[in-house]
Amino acid sequence: MGRVNHVPVAYPGENTPVLDGVRGILRPAVAFYLDLHRHPELSGEERRTAARLGEWLTEAGYEVTGEVGGHGVVGVLRNGDGPRVLIRAELDALPVEERTGLPYASEGPAMHACGHDLHLAAAAGAASLLARARDRWRGTVVIVGQPAEETLTGARAMLADGLYERFGRPDAVLAQHSAPLPGGMVAHGYGPMLAGSVGFEAVVHGRAGHAGTPQLAVDPVVTAAAAVLRLQSVVSRESAPTEPAVLNVGSFHSGSGGNLIPDRATLGITVRAMSERALDRMAASVERIVRAECAASGCPRDPEITVVSRSPVTHPDPAATELVRDAHLRLYGRERVALWPPAMASEDFPLYGDAGVSVHGMPGIPLAYWMFGTVGPRTWARTPGSAEEKLAALPPNHSPEFAPDVRTALPAGITAMTSASLCWLKGGAGPGE
């Protein structure tokens, strides 16, 4: 990679009391990122990643607790009376084989194709900056390394394990996510930012038999295939044209050979929408269609339809969004702070706020959530077209070619999270103060 301490963008906040330490922590933060990227771990298997985050936080002076809601890590830094700010980042990677060609690429079947390694490095850097500047603020900082975000189960598990009861009710919960914007930029959204989602596993039961005597069997492959095709009408014929909605059948597993008819087929289905009402309606349509196709085929048993995950719509608190965006505007300038339109990706982050009251029982916790850029200046410049065309052409999150430019993305990720935290911490020296 060459000299990791050379970043070809201005260091934001060099003249502010807290953020002027970013140069001192950037080299170890980059090394931390490279290590995480080389050693990704899938949802529920994040032991090494959790241990590395725990080591970093312990060295920075945080009181660290592990195995919260699985492999979740919580670091607490108390610094007198004042607000409690929770910073959340994710531990897990995706079951994607990396094709970036980077010298620090993962060599296994998993990959940090969604930027969780970058989120963790940014949170770790912010944790260190805040710890080194304790004379500038008062309150408590809580760093949360969350497992199993990709399966949309980790936030619920940590909250159910007493995250707020054990480590205190936060006055604000902050998170950021990598996006294919130029490195050094951040983007905020007003209203719903990310879709809610419901994930299903649907098992279609047939009657096994010989491929040469299909009349003696009930073929679950045909039934499941018919369901896949009919499910495509849920968005096109059951949702209003102005209503953002997505239905995807992402997996179809059945059989072990071409000369037999299997006894079952399993579908992995996800629906996404920008309102809970639309999610409920689409979820009901999935059940109706799968059951109807099984009945039409004369399946010997009703299908087994299981909800394997559900996440609410990500709708950050408007006042918290305005507060953080104003801090970022003062820190970076208007040319580096953009607006983020609603997107159909999903998160379990909303559960830390009012969407998760049924789990943690603490209403009124504001959430702030924003995007930060990952595309290096050379890559952005040589990608043809308008800004929208560039975004469409660049490898997106979850792509095996997703490759954040750490030199431009990480400094902004660290300072964006640090400045956002200082919006709440008592006596925090925010940008320009």
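Note that the coordinates shown come from a computational prediction; the quantities given were computed from them, not determined experimentally.
- Between the side chains of T306 and E201, no donor-acceptor pair of N or O atoms lies under 3.5 Å.
- With respect to R48 and D35, a salt bridge is recorded, a charged nitrogen being found less than 4.0 Å from a carboxylate O.
- Summarising the geometry, atom CD belonging to E150 is positioned 8.5 Å from atom CD belonging to E347; distances are rounded to the nearest 0.5 Å.
- Checking side-chain atoms of H398 against main-chain N and O of C114 turns up no donor-acceptor pair under 3.5 Å.
- Between the side chain of T151 and the backbone N or O of A148, at least one donor-acceptor pair lies under 3.5 Å.
- For the pair W56/V64, no side-chain contact is recorded, criterion being any heavy-atom separation below 4.5 Å from C-beta on.
- Ion pairing between a basic and an acidic side chain is recognised when a charged N comes within 4.0 Å of a carboxylate O; E238 and R288 show such pairing.
- Shown here for A226 and E293, the closest heavy-atom pair between the two residues is CB-OE1, 3.6 Å.
- To the nearest 0.5 Å, atoms OG (S421) and CG (L130) are separated by 5.5 Å.
- Under the 3.5 Å distance criterion, the side-chain polar atoms of N79 are matched with a main-chain donor or acceptor of R134.
- The backbone N or O of A93 sits nowhere less than 3.5 Å from a side-chain atom of E41 that would complete a donor-acceptor pair.
- Here the CG atom belonging to L351 is positioned 10.0 Å from the CZ atom belonging to F349, to the nearest 0.5 angstrom.
- Ion pairing between E55 and R52 holds under the 4.0 Å rule for side-chain N and carboxylate O.
- Taking the side chain as every heavy atom from C-beta outward, D117 and P40 never approach each other to under 4.5 Å.
- Side-chain contact between L26 and L410: present, with at least one pair of heavy atoms (C-beta onward) separated by less than 4.5 Å.
- Annotation for L118 and P404: closest pair CD2-CB, 4.1 Å, computed over non-hydrogen atoms.
- Shortest non-hydrogen contact noted between A412 and Y332 is O-OH, 3.1 Å.
- Neither side chain, T65 nor R166, offers a donor N or O lying under 3.5 Å from an acceptor on the other.
- Under the 3.5 Å distance criterion, the side-chain polar atoms of E90 are left unmatched by any main-chain donor or acceptor of G145.
- T321 and Y369 form no side-chain donor-acceptor contact under 3.5 Å, judged by distance and modelled atom types alone.
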>> Test side-chain contact (heavy atoms from CB on, under 4.5 Å) on V74 and L163; report intermediate values, then the result.
In response: CA-CA 9 Å; V74 180; L163 177 66; 3.7 Å; yes
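- Look at R38 and E107 and you find no salt bridge, because none of the NZ, NE, NH1 or NH2 atoms lies under 4.0 Å from a carboxylate O.
- When atom types are taken as modelled, the side chain of T314 and the backbone of M193 share no donor-acceptor pair closer than 3.5 angstrom.
- Across every non-hydrogen atom of I25 and S128, the tightest pair is CG2-CB, 4.1 Å.
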> Between L247 and I269, is a side-chain contact (heavy atoms from CB on, under 4.5 Å) present by the stated rule, with each step listed?
Replying inline: CA-CA 7 Å; L247 187 151; I269 306 166; 4.3 Å; yes
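- Residues Y352 and I365 fail the side-chain proximity criterion, which asks for heavy atoms closer than 4.5 Å.
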>> V186 vs R325, test: side-chain contact (heavy atoms from CB on, under 4.5 Å). Steps then yes/no.
In response: CA-CA 9 Å; V186 296; R325 184 170 183 267; over 6 Å; no
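- For the residue pair L394 and T383, the shortest heavy atom distance occurs at CD2-OG1, 3.5 Å.
- Salt bridge annotation for R310-D280: present, with a cationic side-chain nitrogen under 4.0 angstrom from a carboxylate oxygen.
- Counting heavy atoms from C-beta on, the side chains of I305 and R291 come closer than 4.5 Å.
- With values rounded to the nearest 0.5 angstrom, D161 atom CG is found 14.0 Å from R156 atom CZ.
- Defined by atom type and a distance below 3.5 Å, a donor-acceptor pair is missing between the side-chain atoms of Q146 and D92.
- Panel note: side chain T379, backbone V375; no donor-acceptor pair is recorded below 3.5 Å.
- Under the 6.0 Å distance and 45° angle rule, K426 does not count as a cation-pi partner of W137.
- Qualifying ring-ring contact (aromatic ring centres under 6.0 Å, His included) partners for H360, counting only residues two or more places apart in sequence or in other chains: Y164.
- A donor-acceptor contact closer than 3.5 angstrom links the side chains of T100 and E98.
- Within the 3.5 Å criterion, the main-chain N or O of A155 finds a donor-acceptor partner in the side chain of D348.
- With hydrogens and angles ignored, the 3.5 Å screen pairs no side-chain donor or acceptor of S233 with any backbone N or O of S236.
- For the pair A420 and W424, the tightest heavy-atom approach, listed with the atom from each and the gap, is O-CE3, 3.3 Å.
- Dense packing is recorded around CD of E335, with more than 12 heavy atoms of other residues, nucleotides or ligands lying under 6.0 Å away.
- Residues R272 and S346 have side chains that bring a donor and an acceptor to within less than 3.5 angstrom of each other.
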> Do F167 and V144 pass the side-chain contact (heavy atoms from CB on, under 4.5 Å) test, and can you show the C-alpha distance, the side-chain angles, and the key distance before you say yes or no?
Replying inline: CA-CA 10 Å; F167 305 100; V144 170; over 6 Å; no
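- The shortest side-chain heavy-atom distance between E63 and T58 does not fall under the 4.5 Å cut-off.
- Side-chain contact between Y104 and Y33 is present, with at least one heavy-atom pair separated by less than 4.5 Å.
- Side-chain N or O atoms of Q232 include one that pairs as donor or acceptor with a backbone N or O of V228 at under 3.5 Å.
- With rounding to the nearest 0.5 Å, the separation of CD in E45 from CG in L91 is 12.5 Å.
- A salt bridge links E243 to R281: one of the charged nitrogens lies within less than 4.0 Å of a carboxylate oxygen.
- For S311 and S197, the side-chain atoms include at least one donor-acceptor pair closer than 3.5 Å.
- Ring to ring, H177 and W370 are not that close: their centroids are 6.0 angstrom or more apart.
- L425 CG to T140 OG1: the interatomic distance, rounded to the nearest 0.5 Å, is 8.5 Å.
- Residues V271 and L279 are in side-chain contact: their nearest non-hydrogen atoms beyond the backbone lie under 4.5 Å apart.
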